[in-house]
Amino acid sequence: MDIWEKLAILSDAAKYDAACTSSGVSRRGAGGLGNAVSCGICHSFAADGRCIALLKVLMSNACVGDCRYCQSRRSADGPRATFAPEELAELTISFYRRNYIEGLFLSSAIVRSPDYTMELMIDALARLRHAHGFRGYIHAKAIPGASPALVERLGLLADRLSVNIELPSEASLRRLAPHKTKASILAPMAQIRDRAVQGERELALYRGAPRFAPAGQSTQMIVGASPETDAQILRLTQGLYRKYRLRRVFYSAYIPVGDARALPVKAPPLLREHRLYQADWLLRFYGFTAEEILDGAEPMLDPRLDPKCAWALRHPERFPVDVNRAPLEEILRIPGVGVRTARRIVSARREAPLTFEGLKKLGVVIRRAQFFAACAGGVQPGLRAGREAVCSQLTAACRVPGLTGGEQLSLFDQRPQLLLGGI
Amino acid sequence: MEYVYDGTFDGLLCCVFRAFERRENPDEVHPCMPAQLSMLGEPVRVQTDATRARRVEAGIVRAAGVQALSHVRDAVFSCNPHAGRDALRYVRLVFRYGPAVHDLLTDDTLLRVRETSQRLWTETNRLREFLRFRELENGVFIAEMTPDNDVTELLMPHFADRFGDMPFVLHDRGRQKAGVWDTHTWVLASSERMQLPPMHAREARYQEMWKTFYDAVAIRERNNPRLRRRFMPQKYWRDLPEMQERAVFR
Ligand code: SF4
């Protein structure tokens, strides 16, 4: 089969993987080919608005597994292909030289066995790194069930590793991905975490120590194929961040490509996915806990409001926050104030007391913040307006600009500073 | 009164020098002779002098650090016609407030200077993303662009580092300006008489393969052309192979 055809098949099969970022590692060129920029670079945006940073392909889609939600499963129809390692290395280089991509995101279905699959992947990456001297970005997926020695080799070639958690609970895993277990997924995750810690220690001792997955590890789960609630998903996410030191958890709204008898067939829950990403940002950058975001009574995130506004409305006793006096943690809790803006507030107020005019210049989204902030000019009357009135005004104000709302909404996690800057 | 300088960073720094020395407050500072003269008559040509430039530079860095200096430098590359004037006013603030200048986040001059810098670097970063190289028959790669700001010089270090072993030309069509990397050093040159050899035989095939990939990774159920346009503004499309017609051959 010609490489062009393989590319068509194996990129189509890889498209449901959410992660396509190239961030987390910075590496200068060395006179040869490639470097890496720590904030990441997107090179294009697909028709669905998602960023394209990496050549995202499967090594192979000829799977021995039979996960119900997956289009590469053994029982599905459709063409099968497997890249030859050298073929893939050359394709990556040719795309990279044209500035189409930052590097490669290599995943795979299980060909023959997890170990065999990993050997193929390692072969391709080793050619890239050694024969072609490639210093660009590589994200590789570790295959659950592969031997630890292979995970080790993969991590020495890649910048980021990931193991997909796939579904938010063990019960769902058992039902939809019969050959995978929680243990087989968590084992490589723990190995990668421990190896990274060890790597940091070695690096502190001598600078030439080989770097193991310097951009850390991430994972992904499918949302909407199984019955877990948002509260369960957020608690799981929080646990993953804390226990496994993950850099990112990605969510992917389930799109019915799998075995229709076992799975719901309806429009992908894009709005839900979007709210989960917002909540994920609150966990990582705003000092929220999963229990605060959804506090027991409510199992699902409010589709009408972003989770930060929703939390603020449930806690009128915490507001208004005085932007001229409050500590950074409290300023971060004001809806309409992003992380960067919060820091700016803290430095700008040293020069002169802030007014609403001033807040606007600093980048605060006044439409939202007015209900929750107090400053030199006093409080805006908003908060006393009563919950329902505030709620309906906020619903309008929190709608992501440029998007129409409803299930049409399709905001991925890319360019988050642009879109979520002011949540 | 208006100033004109030679379009270099040193030239702009000499404008600062003159404004302080003579206590002048120019209404505009142009990087080259404006096509239309304003009511204020013939602008003053400010001579570039490296020694003076270094003194001003050291003064700015001492007062408020390299970040302040980079705001001034950005004015040289900006397409904002008032960038030079704003930079001069900004330097006054730098000398008045010292490091605290960075906290004057509600001051109009500072906001304008920051916005100029931000626009310049937004465009530079966009081009880091959206520049596309084509391989020519002789093994040299070329990327063409039509930027608003004069960003060639700002892009060269990134691409020279990235494509260390690959000779390339970065071409600003509008300014007829080229950045050339020969795998050892890079230089800026005029592209007025540049003649390009034909494309490499394999170039078209890679472009088509890229389009195939581009089409395949999009998820149909999530189609969202508005979001795409927001992230990838239409003005870059003419140089993106993925936004061109698909060839029928294969
Ligand atoms: S193991 Fe399961 S999820 Fe992975 S490719 Fe095979 S069928 Fe798909």
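A note on names: the letters A, B, ... follow the listed sequences, proteins ahead of strands, and every chain is numbered from 1.
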Among [options], which residue has the highest count of heavy-atom pairs closer than 4.5 Å to chain B?
options	result
S347(A), A47(A), A53(A)	A47(A)
K361(A), R97(A), R28(A), R344(A)	R97(A)
G136(A), A348(A), G358(A)	A348(A)

Nearest-0.5 Å distance that lies between atom [atom1] in [X] and atom [atom2] in [Y]:
X	Y	atom1	atom2	answer
S94(A)	R202(B)	OG	CZ	6.5 Å
I41(A)	R126(B)	CD1	CZ	13.5 Å
L354(A)	L105(B)	CG	CG	9.0 Å
D161(B)	R27(A)	CG	CZ	11.0 Å
L104(B)	R350(A)	CG	CZ	12.0 Å

Which heavy-atom pair separates [X] from [Y] by the least distance, and what is that distance?
X	Y	answer
H43(A)	F130(B)	O-CD2, 3.3 Å
P268(A)	E221(B)	CG-CB, 4.0 Å
F213(B)	L54(A)	CZ-O, 3.7 Å

For [X], which atoms come within 4.5 Å of any heavy atom of chain A: side chain, backbone, both, or neither?
X	value
L111(B)	side chain
D108(B)	side chain
F141(B)	side chain

Please determine whether the number of non-hydrogen atoms from other residues, nucleotides or ligands lying under 6.0 Å from atom [atom1] of [X] exceeds 12.
X	atom1	answer
R173(B)	CZ	yes
K235(B)	NZ	yes
R175(B)	CZ	yes
Q118(B)	CD	no

**OP:** Assess whether side chain to side chain donor-acceptor pair (under 3.5 Å) is satisfied between D48(A) and N223(B), documenting all intermediate values.
**Re:** CA-CA 4 Å; D48(A) 53 17; N223(B) 197 27; over 6 Å; no
Chain B contact via [X] - which portion, at a heavy-atom distance below 4.5 Å:
X	value
L362(A)	side chain
L55(A)	both
Y100(A)	both

**OP:** Report yes or no: does K15(A) contribute a side-chain atom to a donor-acceptor pair with the main-chain N or O of I219(B) at less than 3.5 Å?
**Re:**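 Answer holds: no.
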Subject >> Donor-acceptor contact below 3.5 Å, side chain R50(A) vs main chain V217(B) >> reply: yes
Subject >> Those residues of residues 152-159 of chain B, ordered by number, that approach chain A below 4.5 Å (heavy atom to heavy atom) >> reply: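 Checking residues 152-159 of chain B against chain A gives H158(B), F159(B).
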Under a 4.5 Å heavy-atom cutoff, which of [options] has the most pairs with chain A?
options	answer
R228(B), R162(B), R220(B), E242(B)	R162(B)
A160(B), A216(B), P225(B), P241(B)	A216(B)
D215(B), T106(B), D103(B)	D103(B)

Subject >> Evaluation steps, side chain to side chain contact (heavy atoms under 4.5 Å, CB included), between Y96(A) and M166(B) >> reply: CA-CA 11 Å; Y96(A) 191 81; M166(B) 173 178 124; over 6 Å; no
**OP:** Evaluate the side chain to side chain contact (heavy atoms under 4.5 Å, CB included) criterion for residues E203(B) and R98(A): first the C-alpha distance (whole Å), next the side-chain angles of each, then the deciding distance (0.1 Å), finally the verdict.
**Re:** CA-CA 10 Å; E203(B) 178 58 30; R98(A) 287 166 176 75; 2.9 Å; yes
**OP:** Report the C-alpha separation of R222(B) and L270(A) in whole Å, then their side-chain angles, then the decisive distance to 0.1 Å, and conclude whether the side chain to side chain contact (heavy atoms under 4.5 Å, CB included) test is met.
**Re:** CA-CA 8 Å; R222(B) 306 179 69 117; L270(A) 297 176; 3.3 Å; yes
Original post:
Would R132(B) and N99(A) count as a side chain to side chain donor-acceptor pair (under 3.5 Å) if you check the C-alpha gap in whole Å, the side-chain angles of each, and the deciding distance to 0.1 Å?
Top reply: CA-CA 5 Å; R132(B) 295 289 184 260; N99(A) 207 37; 5.9 Å; no
Original post:
For L227(B) and F45(A), what are the C-alpha separation, side-chain angles and deciding distance, and is it a side chain to side chain contact (heavy atoms under 4.5 Å, CB included)?
Top reply: CA-CA 9 Å; L227(B) 194 63; F45(A) 289 85; over 6 Å; no
Original post:
Between D165(B) and R135(A), does a salt bridge (charged side-chain N to carboxylate O under 4.0 Å, His left out) hold up when you go through it step by step?
Top reply: CA-CA 12 Å; D165(B) 65 353; R135(A) 292 170 61 81; over 6 Å; no
Subject >> Validation row: W210(B), S44(A) side chains within 4.5 angstrom (heavy atoms) >> reply: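 Side-chain contact under 4.5 Å: yes.
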